[in-house]
Every structure is written in structure tokens, then in C-alpha cells.
Amino acid sequence: MVEAEVIMKKKNEEERGGKRRWGWAAIGAVLMVLVAISVTSKYTKNPNSCQCAQDSRKYTGIVEDCCCDYETVDSINGAVLHPLLQELVTTPFFRYFKVKLWCDCPFWPDDGMCKLRDCSVCECPETEFPELFKKPSQYALPSDDLKCQEGKPEAAVDRTLDSKAFRGWMEVDNPWTNDDETDNSEMTYVNLLLNPERYTGYTGPSARRIWDAVYSENCPQYASGESCQEKKVLYKLISGLHSSISIHIASDYLLDEAKSLWGKNLDLMYDRVLRYPDRVRNLYFTYLFVLRAVTKAKNYLEQAEYETGNHDEDLKAQSLIRQLLYNPKLQAACPLPFDEAKLWQGQSGPELKQQIQKQFRNISALMDCVGCEKCRLWGKLQVLGLGTALKILFSVDGHSQSNQPLQLQRNEVIALVNLLNRLSESIKFVQEVSPSIEKKMDGLLSEPIAEEFSSWRRIWEAVGGFCINFWRQCDVRELV
């Protein structure tokens with residue numbers, strides 16, 4: 001009898017010990033679940049939640065490596081430069097661009113042109129060309145003829161011959177770019193107003209390979225602690241140009257192909273540019289860099305002949321150029337947008353300059369690998385414009401040009417001014433849409449927070465219910 005009581009006592013103790021172990025294990029499991037949910041919530045529910053400082057949309061202070069602040073750039077661009085440039089690029093002189101559109105890709109086998117409808121090539125029939133384009137010596141160029149615009153695919157390039165508009169300028173090659181600008185044998189003359197930079201549907205591996213080659217092989221991002229100013233310049237210029245191109249695609253986007261509905265794609269704008277503050281900063285840097293090149297070449301640009309045969313429009317172009325170069329508000333607010341004199345100092349200066357020139361030439365050559373004709377057009381124009389800015393600010397052949405006069409050809413000036421206008425449009429667009437995008441993104445970021453509180457509430461309710469049931473089924477003293 002005594003032995004039976006001892007056995008029963010041991011059995012009861014074992015059962016109580018099992019309950020204690022099971023109870024604490026259950027509580028530990030609940031705590032582990034709570035920790036796991038907390039960690040998961042932090043890193044997966046809101047991937048941008050730990051980017052508070054990075055996601056600040058307010059850009060203030062001096063633009064890095066430049067001599068103007070963000071507020072001044074926004075003010076001067078909106079009040080002075082943007083209106084002037086918008087009017088200037090519509091004049092006959094600045095709206096025709098000479099370009100070599102059909103070239104073999106020198107780096108990999110040609111993928112062929114983009115097969116999408118929006119990337120197709122459209123050549124307007126000769127019967128649609130205004131007669132005065134065929135006989136430029138006898139007629140003046142019109143100021144607003146936009147024939148062949150309706151009905152063409154989005155990526156088509158309309159060609160308008162205008163030989164007189166390219167007469168009388170120095171034919172000099174630009175050593176910063178790959179194309180031989182003095183070779184007219186394969187050049188096509190394009191009316192830029194008929195071929196706006198916009199969404200074309202050119203995406204996928206072919207498009208990504210272009211930018212991958214630009215950045216990985218010719219323009220690697222500098223280290224965060226990089227102290228060499230020269231090594232930063234090329235990357236920031238290309239990054240700023242890339243941001244501007246993405247902004248123009250997003251600002252004129254095909255929202256509904258079936259309805260041919262075009263508009264602003266703010267989500268794309270945020271995903272490609274605005275969510276990355278460094279890309280916005282590099283856009284401002286590139287803008288000021290190109291603006292400095294324009295103002296530095298003011299003596300040359302002021303004396304140049306902007307003749308196309310349309311007297312009134314030519315006078316207008318000349319007047320607008322002078323307003324751009326000698327605007328008192330610009331001179332007072334930002335007299336030196338970028339100080340190129342501090343670069344290329346020391347013994348390694350010439351070698352660094354030659355290295356950057358070679359890399360930029362490779363980037364220029366990559367434009368021949370673009371599989372969309374309209375994308376290739378604007379890529380070549382803006383790369384030539386940037387190459388012209390580099391030529392003006394640094395040199396024409398890797399050496400000092402202080403002992404030789406600046407020589408620009410007409411196509412370089414057209415590309416330079418159109419590039420500045422593209423960058424000006426991008427700056428203005430970012431300034432206008434940033435508040436609305438910030439408001440939208442703040443709303444989206446607040447939703448996960450509300451969800452998280454709701455989830456925690458449900459968890460605690462479940463834990464509370466579990467504990468109540470658990471304590472009911474167990475004697476508390478047995479767990480202690």
C-alpha cells in the first residue's frame with residue numbers, strides 16, 4: 001500500500017513537471033513568434049521604413065561640387081532659363097539636328113531594331129516635305145511647319161532636309177565623341193519638334209544592357225570616401241543625364257495604348273529617380289555643369305551666325321541667345337555655376353583627363369547599340385551636347401586650350417542648347433511634381449503602420465485568449 005502511494009506521488013510530480021515544461025515552452029514559443037513578427041515587419045512590410053533621412057525630398061544648400069544652391073537653381077530656372085530655352089529650341093536654327101542614325105554596334109552583335117510598334121521607323125514620303133526644304137537657297141525656313149507629325153508611331157523619326165541651315169560653320173570633329181562630325185555621307189537631318197523625347201516602349205534586356213555597359217565598364221560609381229574630384233565628375237554627369245532621360249519618359253508616358261492616352265507616370269518617376277536623392281542631386285549637378293559651359297562660351301555663341309534664311313526667326317534666335325548669356329538675374333544669382341579651374345591639378349591631371357575622354361568616347365559609341373531609333377536620336381544628341389560641354393570646359397584634345405581659340409560646329413551648339421533645355425525641363429518637372437509624389441508616398445507608407453498596429457492587436461488578443469484558456473486548464477501553482 002505504501003509502495004503504491006509512493007508510485008502515485010512520483011507520477012503526479014512528473015505530470016506537474018511536464019505541465020510546467022509544456023507551459024513555459026508554450027509561452028516561449030509565443031514570445032518567439034512575437035519577435036519574429038517584429039523583425040519581419042520591420043524589414044519586409046515597409047522596405048523604405050529605415051530610409052527616413054535618405055527619403056527627404058527637400059534639397060537645400062549648395063549643390064555638391066558646384067557654386068550655386070538648390071533654391072537658386074529652382075528660382076532662376078523657373079523664372080529665367082526655362083522660358084528662354086523653351087522658346088529658343090523652337091526656332092529653325094535649333095530645331096534641326098544632323099545625326100547618323102544607322103550604325104553597327106561596335107561592342108556586340110546587333111540585336112536589330114526594336115520590334116514594338118512604338119519603336120518602329122517612319123520615314124515621311126518626299127511628297128510631304130515642304131518645297132522650301134528642297135530648295136533652301138530660294139526660300140526661307142518656316143517657323144512652325146509640323147508636317148508628318150500625325151499618325152506616325154511614337155518612336156519614329158521624321159527626316160527633314162535642310163542643307164542651308166548647316167552652311168557656313170566650322171567643320172571640326174569633337175574628340176570627346178565617337179562619331180566623326182565632319183563626315184556628312186551618312187548623316188540625316190531631323191526636325192526635333194516632330195520627334196519629342198518620350199516613352200517609346202523600348203525596354204527589356206537590350207535597353208538594360210546599354211546602361212549596364214555605361215556604368216560598369218566606362219563610368220563606375222566612385223567610393224563613398226573618394227576624395228579625387230575628377231573621378232566623380234563623369235559618373236555624376238552620366239547619372240544626371242540618365243535621371244533626365246527617365247524623367248522625360250515618365251512625364252510623357254503612354255498610359256493606355258488602346259485609347260492612345262498619354263500623361264504623367266508619377267509611379268515610374270518615383271521608382272526611377274525621386275526615391276534616390278543622389279540621382280536628383282546629380283541631375284542638378286549636370287544642369288549646372290552644362291550651364292557653365294554655355295556661359296563660358298558666351299563670346300563665341302554671341303558672335304555666331306544663326307542664319308537659316310528666315311530673317312525674323314533668325315533675329316529672334318540671336319536675341320534669345322544674348323538674353324540667355326547676359327541675363328542680369330542669372331549673373332547676380334549664380335555667376336559661376338561650376339568652377340572647372342579646380343580640376344586637373346597636379347601631375348596626374350593630364351592623365352586623368354585623357355582617361356575620362358576615352359571613357360566618354362566609349363559611352364558615345366554605345367549610342368550606336370541602342371535598338372530604338374528615336375531613343376538613339378536623343379541619346380546621340382544629348383551625349384554630343386555633354387561632350388561639347390566637356391570640350392568647352394576642359395579641352396579639345398586632352399591638353400590645355402588656352403593658346404587656341406574655341407571652335408565649335410553648328411551641330412555641337414544645337415546639341416548643347418537642346419541638352420540644357422532637356423535638363424531645365426527635368427529640373428522644373430521635379431520641382432512641380434515632388435510635393436504631390438511626396439504626399440502620395442507618405443499615404444502609402446502610413447498604411448503599413450496602421451496594418452502593423454492591427455496585426456499586433458490581433459496577436460495580443462490571440463495570446464490573451466491562449467493564456468486565459470491555459471490558466472483555466474492548469475493550476476498556477478503547478479507551473480511555479
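Since we're looking at a predicted model, the values are computed, not measured. Computed over heavy atoms, backbone and side chain alike; hydrogens, waters and symmetry mates excluded.
Partners of Phe94 under the ring pair (Phe, Tyr, Trp, His ring centres under 6.0 Å) rule, at least two apart in sequence or in another chain, are Tyr306. Gln355 is linked by a side-chain hydrogen bond (donor to acceptor under 3.5 Å, both in side chains) to nothing, counting only residues two or more places apart in sequence or in another chain. Qualifying side-chain hydrogen bond (donor to acceptor under 3.5 Å, both in side chains) partners for Asp252, counting only residues two or more places apart in sequence or in other chains: Arg198. Taking Tyr70 as the reference, Tyr59, Tyr284 meet the ring pair (Phe, Tyr, Trp, His ring centres under 6.0 Å) condition, with sequence neighbours excluded. Partners of Thr295 according to the side-chain hydrogen bond (donor to acceptor under 3.5 Å, both in side chains) rule, which considers only residues two or more places apart in sequence or in another chain, do not exist here. Applying the side-chain hydrogen bond (donor to acceptor under 3.5 Å, both in side chains) criterion to His248, with sequence neighbours excluded, gives Glu425, Ser426. The ring pair (Phe, Tyr, Trp, His ring centres under 6.0 Å) check on Phe285 picks up Phe338, with sequence neighbours excluded. Scanning for disulfide (SG to SG under 2.5 Å) contacts around Cys68 gives Cys334, with sequence neighbours left out. Applying the salt bridge (Lys or Arg N to Asp or Glu O under 4.0 Å) rule to Glu432 yields the partners Lys428; only residues at least two apart in sequence or on another chain are considered.
Within the structure, salt bridge (charged side-chain N to carboxylate O under 4.0 Å, His left out) contacts touching residues 77-93 (residues at least two apart or in different chains) are Glu87-Lys316. Applying the salt bridge (charged side-chain N to carboxylate O under 4.0 Å, His left out) rule to pairs touching residues 318-327 yields nothing, sequence neighbours excluded. Sorted by first and then second residue, the side chain to side chain donor-acceptor pair (under 3.5 Å) pairs involving residues 330-342 (not counting sequence neighbours) are Arg292-Glu340, Lys296-Glu340.
Asn77 and Tyr287 form a side-chain donor-acceptor contact under 3.5 Å, judged by distance and modelled atom types alone.
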